[in-house]
Amino acid sequence: QVQLVESGGGLVQPGGSLRLSCAASGRIFSINTMGWYRQAPGKQRELVAAITRGGRPNYLDSVKGRFTISRDNAKNTVYLQMNNLKPEDTAVYYCYAGAVNGLFESPYWGQGTQVTVSS
């Protein structure tokens, strides 16, 4: 089992910045990919950013150049630095960790952090 604890959400004006953090505990040795999903009202959940244990990142096209994902394997923590935030970034952001089990990654989820971008 993997447990994920998120922090860093809140209310910010357009153009502002937030940093999300997610700390993992439990079967951390099995974790490969970590990342962030988000779900806005009336929309499907989408992958925002992901990063492998080796540090290879992947981003949703709409956040490229604005968001940066990073991880500290020693602290079992993944971060999402969000700059130049836009109203369309408003969503609940969910941390995830992919735990390797054979050929597959089993997902574990944080409880979600609300990010609201509004004047």
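Keep in mind that what you see is a predicted model, and the values were worked out from it rather than measured.
What you find for Ser62 and Arg38 is that their closest heavy atoms are OG-NH2, 3.7 Å.
Hydrophobic clustering (ILVMFWY, side-chain heavy atoms < 4.5 Å, transitive): Ile31 and Trp36 are in one cluster. Cluster annotation: Leu60 is connected to Leu85 through the hydrophobic network of ILVMFWY side chains, with a link wherever side-chain heavy atoms come within less than 4.5 Å.
Looking at Gln81, its side chain never comes within 3.5 Å of a backbone N or O of Arg19 through a donor-acceptor pair. Side-chain N or O atoms of Tyr59 include one that pairs as donor or acceptor with a backbone N or O of Ile69 at under 3.5 Å. Looking only at distances, no side-chain donor or acceptor of Gln39 sits under 3.5 Å from a matching main-chain atom of Val92.
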Any chance you could lay out the side-chain contact (heavy atoms from CB on, under 4.5 Å) test for Asn32 and Thr52, step after step, and finish with the verdict?
CA-CA 6 Å; Asn32 183 21; Thr52 66; 4.2 Å; yes
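A cation-pi contact links Arg45 to Trp109, judged by a cut-off of 6.0 Å to the six-membered ring centre and 45° from its axis.
With Cys22 as the fixed residue, the side-chain contact (heavy atoms from CB on, under 4.5 Å) test singles out one of Thr113, Val5, Val78, Asn76: Val78. Results of the side-chain contact (heavy atoms from CB on, under 4.5 Å) test with Leu80 over Leu18, Leu20, Ile51 single out Leu20 as the only residue that passes.
In Lys75, the NZ atom is not crowded: 12 or fewer heavy atoms of neighbouring residues, nucleotides or ligands sit closer than 6.0 Å. By the 6.0 Å contact criterion, CZ on Arg53 is enclosed, its count of non-hydrogen atoms from other residues, nucleotides or ligands being greater than 12. Atom CZ of Arg27 has 12 or fewer heavy atoms from other residues, nucleotides or ligands within 6.0 Å.
Residues Asn73 and Arg71 have side chains that bring a donor and an acceptor to within less than 3.5 angstrom of each other. Defined by atom type and a distance below 3.5 Å, a donor-acceptor pair is missing between the side-chain atoms of Thr77 and Asp72. Side chain to side chain, Gln114 and Thr116 meet the donor-acceptor criterion of an N or O pair below 3.5 Å.
The residues Lys86 and Asp89 are annotated as not salt-bridged, no charged nitrogen and carboxylate oxygen being separated by less than 4.0 angstrom.
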